[in-house]
Amino acid sequence: MYRDTNGDERILFDCMKEAQPCVPLDPAVSLDGRSILFSVYRSNKLVNATWGRTQLPNRRLGPISGAQLHIINMATGELKRLPQPKGALDISPTWLPDGRIMFASNRNPQREPYLDRITSNNRPDPRLYIANADGSDVQLATHHEISTAMHPYLMRNGRVAYGSQWLSHNLAYMHTNGAINWPGTLDNMWVVMDMDYRGGDMTALYGAHRASLRTTTGRTKTTKALHFLGQRRNGDMCVANYYRGNNLGLGDVICWGPEPVGVEGKLPNFQPRKLYNVADWSRSDDNPSIRVNGIYQGKIGYPEGAPNNQLLLSVGRGYCTQVSGTVESFQKNVANQPQKLGCDVGLYLTTRIPSRHMDDLRRVVDEPDWHEFGARAVVARQIEAPQLSNTDDGSCQLASSNAGAAETSPQQPYRFNHNYWTSANNGGEIDGVPHSQLAGIRFWEVIPNSQKRNFSNFSGNRLRMLGDVPLLPDKSFKVSLPCETPYIMAGIDAEGRVIKRDQVPQSLRPGEKRVCGGCHLHSRKGRPYEDSLAFRAEPLPLMNATAVPVYERDIKPIFARRCLTCHVSDVPLMDYDSLVWDQFQKTVAPERRLQVSESDNEKRRFGLQRPYTSKYVNSMFARESLLYWKAANRRTDGRSDATYRDDIDFGPSHPTQITDEELRILAEWIDSGATHLLAD
């Protein structure tokens, strides 16, 4: 629909006139304000909606058969359907400052990381693509996104913000919900990233460290699914935040003043310095909306900048949840609401931010027979294409002006078996190892999951070793990497063991030169690149990836040579699952089990939380793994058995005949994900 300033409306695209059932979504206004780019979701049939097991009278789209991008000229009504591979979902488009478009699509699909026996990677996930405005010359822009990327939004600085699902490695294990190694609702593991308009120079804008926000009325907002971006007239970015399972795409809206490019926010949580909630009365969890004087207020989403620095919002008035229950219980809950509203969505303008009550909002359009949502302002925008950082020879280079400058200290003190929250972050480090031990940077190539597979390693994707880059005397470095190849970085000590690690894949676009200031330097700019040795140094080429150690080929023979003369049945060295994935210590001899709670439940009494997946193996670092300690005959995490009373102890001396090379292979195996089989 198009609604002018007088309130007159006209239909731009009508799915009721289509032969195949469909729904148009995700409108994006061209920079000259003359065209609308949008997606049309289609199905082969309509089906009855249901509530639990109860069939409802209204009809909805059946299984989605595809989604296609369309462009309509506002003046002439001319409609163009962009090319679409059969069955593909081409969705959530935006315009780019050079006249091209970016959109999410599951064409050439990949599957989400396979983290353990609990999670699955059945679903083909969309990534972001760039194409000409006529849909030609389609290129994948986000090789670094190994989960889902959606909802790109062109910001005023010419960069593109988007929603990124973070599932790699330990990122999904940020809380336990009372369970052991529970990954939570994976569809809620979203952050807001940004990148340049070609898909390079990706950085985190909001939510990367999953810190909560306390509103002016004392309510706590936790980051969940972050979708549907907008920008206020003063430049502040806004995003809808909601529990993915039961909220009908609505929750609350969080805004922030953007930091300088490459800076996330202030310590200790690296949140943007100007972070605020739009409506104190809205909520983002999977419960019904807040009641004031017995009336359900509703929930909000789809922020869009409006005059006077206000926001145009999609507001769901009423109960607004899909929590489990019967139709009768739902009807009872809404019986006293005006018009017995379940959740009627309309368009409203804020009059003050933060809004203290729904009465603060001014109605734009909210017809009882329709849901009106996802509105965009039809205005021209002057957005220049920012200058890109390129190499002279078309190679892909990464450099740091000073990897010795770091802000990698965890946000919370170390607590054994409660460290899952700290380890579920975009970067992590060993608690007892000083940053001064950093001697180089290791790079692994990440292999996206192209098909359903049940392989076992910590990162959820197969890895291949690209190599190590030693730090220059001033702690800077420069490296050439394969273009359009996702990679993971880690900081290593002088012996090549990982002491710090990134868990978020990156990639470089052809000809891109990316420069960072330090090692997870989040709150400030680092040393000017021009002042570093790396600025004039030749990049070290790491272009050819090699296989990482795997258990069956590389590790099991070491155990057979060095360990089985003593350890026959007391330590499960020759059984991969028992050694690596024994979170409840079932295969640990009873007298050697580490008790972690006083619970009567055996699983809770001995259950180990991430980053431990067994008593012997830490999924972040070999240097924090008991298996490595025993092989090296020394504790290597910078702590002693006396440092913490309740953690895993090294115990008595454990001499071995292991060679330095075998010890290096063992450390590299754990640090690269403790992969099981070559076939993985």
Looking at CG of Leu89 and CZ of Arg42, how far apart are the two atoms once the value is rounded to the nearest 0.5 Å?
12.0 Å
Just checking, is any N or O donor in the side chain of Ser136 or Asp134 under 3.5 Å from an acceptor N or O on the other one?
yes
Does Ala377 offer a backbone N or O that forms a donor-acceptor pair with the side chain of Glu304 under 3.5 Å?
yes
Validation row: Glu264, Thr203 side chains within 4.5 angstrom (heavy atoms)
no
Assess whether salt bridge (charged side-chain N to carboxylate O under 4.0 Å, His left out) is satisfied between Asp98 and Arg198, documenting all intermediate values.
CA-CA 10 Å; Asp98 61 0; Arg198 66 177 167 187; over 6 Å; no
Is there side-chain contact between Arg244 and Trp190, with heavy atoms separated by less than 4.5 Å?
no
Are Arg442 and Arg501 side-chain neighbours, meaning at least one heavy-atom pair lies under 4.5 Å?
no
Does the plane of the ring in Phe228 sit parallel, tilted or perpendicular to the ring in Tyr242? Use 30° and 60° as the thresholds.
parallel
With a 4.5 Å heavy-atom cut-off, do Leu463 and Thr675 have their side chains touching?
no
CA sep, side-chain torsions, deciding dist, call: Trp669, Asp554, side chain to side chain contact (heavy atoms under 4.5 Å, CB included)
CA-CA 9 Å; Trp669 173 65; Asp554 303 296; over 6 Å; no
If you measure from CG on Leu267 to CD on Glu407, what distance do you get to the nearest 0.5 Å?
4.5 Å
Using 30° and 60° as the class boundaries, would you call the ring planes of Tyr529 and Phe535 parallel, tilted or perpendicular?
perpendicular
Gap separating the CG atom of Leu533 from the CG atom of Asp474, nearest 0.5 angstrom:
3.5 Å
Under a 4.0 Å threshold between the charged nitrogen and the carboxylate oxygen, would Arg497 count as salt-bridged to Asp671?
no
Would you please classify the geometry between the Phe477 ring and the Phe443 ring as parallel, tilted or perpendicular, with 30° and 60° separating the classes?
perpendicular
What distance do Ile447 atom CD1 and Gln110 atom CD have between them, rounded to the nearest 0.5 Å?
11.5 Å
Asn269 (side chain) donor-acceptor with Gln271 (main chain) under 3.5 angstrom:
no
Step through the shown structure and confirm whether more than 12 heavy atoms of other residues, nucleotides or ligands are within 6.0 Å of NZ on Lys80.
no
Would you sort out whether Phe458 and Asn170 count as a side chain to side chain contact (heavy atoms under 4.5 Å, CB included), showing the intermediate values?
CA-CA 8 Å; Phe458 299 139; Asn170 287 307; over 6 Å; no
Heavy-atom check, side chain of Glu512 versus side chain of Leu388, under 4.5 Å:
no
May I ask you to decide if Glu668's main-chain N or O and Ser672's side chain share a donor-acceptor pair within less than 3.5 Å?
yes
Does a side chain donor of either Asn425 or His209 reach within less than 3.5 Å of an acceptor in the other side chain?
yes
Please report the closest heavy-atom contact between Pro260 and Lys525, naming both atoms and the distance.
CB-CE, 4.3 Å
Test your reading of the model: is there a side-chain donor-acceptor pair from Gln84 to the backbone of Leu69, 3.5 Å cut-off?
no
Please report the interatomic distance CZ(Arg514) to OG(Ser507), rounded to the nearest 0.5 Å.
6.5 Å
Just do the side chain to side chain contact (heavy atoms under 4.5 Å, CB included) check on Asp187 and Gln165 with the steps written out, would you?
CA-CA 8 Å; Asp187 281 343; Gln165 189 182 25; 3.8 Å; yes
Any salt bridge linking Asp137 with Arg100? Criterion: basic side-chain nitrogen under 4.0 Å from a carboxylate oxygen.
no
Please check: side-chain N/O of Thr391 versus main-chain N/O of Cys396, any donor-acceptor pairing under 3.5 Å?
no
For the side chain of Asn241 and the backbone of Lys224, is there at least one donor-acceptor N/O pair under 3.5 Å apart?
yes
Run the salt-bridge test on Asp196 and Arg509 with the 4.0 Å N-O cut-off and return the result as yes or no.
no
Would you say Arg34 has more than 12 foreign heavy atoms packed within less than 6.0 Å of its CZ?
no
Answer whether the closest heavy-atom distance between the side chains of Val550 and Leu677 falls below 4.5 Å.
no
Carefully, step by step, assess Asp32 and Ser30 under the rule side chain to side chain donor-acceptor pair (under 3.5 Å).
CA-CA 5 Å; Asp32 60 11; Ser30 62; 2.6 Å; yes
Between Ser164 and Val191, is a side chain to side chain contact (heavy atoms under 4.5 Å, CB included) present by the stated rule, with each step listed?
CA-CA 5 Å; Ser164 173; Val191 302; 4.2 Å; yes
Give a yes or no on whether the backbone of Gly460 and the side-chain of Asn457 come within a donor-acceptor separation of less than 3.5 Å.
yes
Ring geometry between His70 and Phe38 (parallel below 30°, tilted from 30 to 60°, perpendicular above 60°)
parallel
With the side chain counted from C-beta on, respond yes when Pro152 and Ser92 share a heavy-atom pair under 4.5 Å apart, and no when they do not.
yes
Inspect the surroundings of CG in Asp392 and state if more than 12 heavy atoms from other residues, nucleotides or ligands are less than 6.0 Å away.
no
Distance alone, cut at 3.5 Å: any donor-acceptor contact between the side chains of Arg381 and Gln231?
no
Take atom CD in Glu530; do more than 12 heavy atoms of anything else shown fall under 6.0 Å from it?
yes
Are the side chains of Ser619 and Pro611 in contact, using a 4.5 Å heavy-atom criterion?
yes
Return the OG1 to CE distance between Thr142 and Met202, rounded to the nearest 0.5 Å.
10.0 Å
Asp125 side-chain N/O to Glu145 backbone N/O, donor-acceptor pair under 3.5 Å
no
